[in-house]
2 protein chains.
Amino acid sequence: MTVTIKDVAKRAGVSPSTVSRVLSGHPRISAETSRKVKIIMEEMGYHPNIMAKSLVSRTTNSICIILPKPAEELFSNLFFMELIRGIVTQASRSGYDVLISSGATEKEELEAVSRLLKGRRVDGAILLYSRKGDAVIDFLKEEGYPFVLVGRSDKYDDILSVDTDNRMAAYDATSHLISMGHKRIGFVSGPPNLIVSRDRLEGYRAAMEDNGLELKSEWIVEGEFLQESGYRAMSFFMNLPSRPTALVVVDDIVSFGVLRGLSELNYSVPADLALVSFNNIPLSELSTPPISSIDIGIYQLGYTASQILIQTIQKQVNEPGGTKRHIIPHRLIVRESSMYSPGGK
Amino acid sequence: MTVTIKDVAKRAGVSPSTVSRVLSGHPRISAETSRKVKIIMEEMGYHPNIMAKSLVSRTTNSICIILPKPAEELFSNLFFMELIRGIVTQASRSGYDVLISSGATEKEELEAVSRLLKGRRVDGAILLYSRKGDAVIDFLKEEGYPFVLVGRSDKYDDILSVDTDNRMAAYDATSHLISMGHKRIGFVSGPPNLIVSRDRLEGYRAAMEDNGLELKSEWIVEGEFLQESGYRAMSFFMNLPSRPTALVVVDDIVSFGVLRGLSELNYSVPADLALVSFNNIPLSELSTPPISSIDIGIYQLGYTASQILIQTIQKQVNEPGGTKRHIIPHRLIVRESSMYSPGGK
DNA sequence: CTGTTAGCGCATTCAC
DNA sequence: GTGAATGCGCTAACAG
């Protein structure tokens, strides 16, 4: 049923090697033979067997994406799909296929990665998250497989990664609120075991300190990347004796919860509480009021991750001089949720 | 560097065939040999080469997902990611890998599918959309490759597919509005070349007719699966001499645009215009007001698609008696956007 | 320029 | 029960 090189060769009256040479665009081949073989391949509907090719070339022309397991519902959907789009687009352009993998537990995740890399099904991997003390990173680094991390590792400084400068992004977001005249600014954070939560919190702290503003621990709450987290935080914040007039929120989705919470408590945004969050998902401009957000270029993050991974794979050699950590620039999109100066200015 | 069966065999003092037999759980093998070999495999860190395995077994244990090319921004993100999650989860459980593919144009898409299937890199494919007259479907059907369509084909009745009963779903949504006392009901549709748009429109029409309600062509607008479509539709609808009091909207995302449009025109939902839409994305309950929506079980759609594809692949034989079209049940989630009866009831 | 040979790592015949 | 041989489809040396 399947048409092989051998079949084509027989039909064309040449040797299999010749056909193979035509396929790979070998230089030392007569133009006429090449043309003839190509026509016959077309006629017979020849398609190279990718597996056989990989087996002998010891390279698969494909990479894999490791989806994190947890139930980060909303966050995952919007954020990861955009990331995946970037990765798949770039990989396609470079002639690479993308394999998606996930595991129910961290152990399963590791098994999947191990099977894929050690079984030589893929040439490299992209990790879409950065937890504290991640076993998958340890494995990949130890075994020396090409991989890139979207995010930052707290353990290793010398691994390939693509990231937002989250510290600076949070600094910028906070500074914006300060420049609007806010002095009491709170922070709604994400899960403390994610590096991104910690980096953003740190940036917020730095901005507050640099501007000589008070930093109250009760103005900082931790939660998930879920709207519920923002929702719950509100009943807490608004009952504080000295409540903040503005909030930096770790993710747009959480902001949606914040908005809902405030509306139920009959507070209005931005008059009672101004808001800036992160990621600038498309829906943040559709909420009432539209949310100010730091755009981190998610698609670009994915696109770049794929690019540097494939470069690394093709280079073989790990040149020690290369940049390991790639930063995608962010920018603040100011919308209605932060357009208010307290103190009646 | 790589450990092969041969290496293990040499170290264990047995033949490669024996090791292979242990690997595949062959029955005629002495318990002791089996144990010994397994230990050595563990010690040496043996991992089967997936490519070599596929080459000889003529099966890859992987399937591919074809992402549609267009820029269906929001729709894609939320909807497809959920679908993918369902597919990947089920495939993993069945021991299958999932490959994601897309093309910039329909031609590229076809090339990718062809390369993957004909090149024997995957055993089957899942199509995530259903356009009118899709060339990819023609190809897959003609060549006899296992595939399943998430959606419905207008051309073939006998292909494997997983779908919502969109006609009935729209009928239900419309009936709900009618039962609330609405008589002038409009419909905001999606791209007319997508089957889903047409099915939902048809269900709306049927419900209107069955209830003896007038069906005005100016109450129906077509657009994209984007919030802009809903936004634009509003300035049109609300300027109609006899404007509808309720709307069935083809997708939640479009409803977001509708809400924004109405709020800018100073109309309120549901008092001035009641709303029901489809897909029940997580954010539909977060908007103000929360949107009534038909939940179509997106994750389930993906999960089922993967399941029947893999079943088909493993069965080899296409038993003619089997069900080709699988319907995932939907249900209406009533929220504030439709909780209003016109005429002051 | 072209043909011959020898594997890539594995599974599946056969023999014994 | 186990070992030896053969081939999956292809590429990469070798020779000419």
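The basis for the numbers below is simple: all heavy atoms, side chains too, and nothing from hydrogens, waters or symmetry mates. Everything quoted here is computed from the prediction, not taken from an experiment. Throughout, protein chains are lettered first and strands after them, A, B, ... in sequence-line order, and every chain is numbered starting at 1.
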Worksheet item: Tell me: OH of A/Y46 to C1' of D/dG9, nearest whole Å?
Response: 7 Å
Fill in: Euclidean distance, atom NZ of residue B/K36 to atom C1' of D/dG1 [Å, nearest integer]
13 Å
Discussion item. Keeping A/D123 on the side-chain end and A/N61 on the backbone end, is there a donor-acceptor pair under 3.5 Å?
Written reply: yes
Practice prompt. Check B/R325 against B/G151 and note the closest heavy-atom contact, atom names and distance.
Written response: NH1-O, 4.2 Å
Fill in: Minimum-distance pair of heavy atoms, taken over all atoms of A/L128 and A/F80
O-CE2, 3.5 Å
Item to complete: Check the distance between D/dG9's C1' and B/N49's CG and give it to me in whole angstrom.
Response: 14 Å
Worksheet item: Between B/R85 and B/E82, is the closest basic N to carboxylate O distance under 4.0 Å?
Response: yes
Worksheet item: Among pairs that include at least one residue of residues 140-153 of chain A, which meet salt bridge (charged side-chain N to carboxylate O under 4.0 Å, His left out), considering only residues two or more places apart or in two chains?
Response: A/K118-A/E143, A/K141-A/D158, A/R152-A/D199
Worksheet item: Within the distance-only criterion (no hydrogens, no angle test), does the side chain of A/S24 pair as donor or acceptor with the backbone N or O of A/R21 below 3.5 angstrom?
Response: yes
Worksheet item: Expressed in angstrom and rounded to an integer, what is the separation of B/I5 atom CD1 from D/dA4 atom P?
Response: 15 Å
Discussion item. Measure NZ/B/K10 against P/D/dA4 and give the value in whole Å, please.
Written reply: 13 Å
Fill in: Separation of D/dG9 P from B/K118 NZ (nearest whole Å)
15 Å
Worksheet item: Near DNA chain C, under 4.0 Å by heavy atom, which residues of residues 51-63 of chain A?
Response: A/L55, A/V56, A/R58
Worksheet item: Given that A/A31 and B/H47 both sit by DNA chain C, which one's nearest nucleotide is further toward the 5' end?
Response: A/A31
Practice prompt. Might you point out which heavy atoms bring B/A135 and B/E106 nearest each other, and give the distance in Å?
Written response: N-OE2, 3.5 Å
Discussion item. Whole angstroms only, please: what is the NZ-C1' distance between B/K6 and D/dA4?
Written reply: 13 Å
What pairs of nitrogen or oxygen atoms, one from the protein and one from nucleotides 2-4 of chain C, lie under 3.5 Å apart?
from, atom 1, to, atom 2, distance (Å)
C/dT2, OP1, A/S30, OG, 3.4
C/dT2, OP1, A/T33, OG1, 2.8
C/dT2, OP2, A/S30, N, 3.1
C/dG3, OP2, A/S15, N, 3.0
C/dG3, OP2, A/S15, OG, 3.2
C/dG3, OP2, A/T18, OG1, 2.6
C/dG3, N7, A/R21, NH2, 2.5
C/dG3, O6, A/R21, NH1, 3.2
C/dG3, O6, A/R21, NH2, 3.2
C/dT4, O4, A/S17, OG, 2.9

Worksheet item: Between A/L160 and A/L309, is a side chain to side chain contact (heavy atoms under 4.5 Å, CB included) present by the stated rule, with each step listed?
Response: CA-CA 8 Å; A/L160 275 180; A/L309 174 60; 5.8 Å; no
Item to complete: Carefully, step by step, assess A/T2 and B/R120 under the rule side-chain hydrogen bond (donor to acceptor under 3.5 Å, both in side chains).
Response: CA-CA 10 Å; A/T2 320; B/R120 291 187 180 288; 2.9 Å; yes
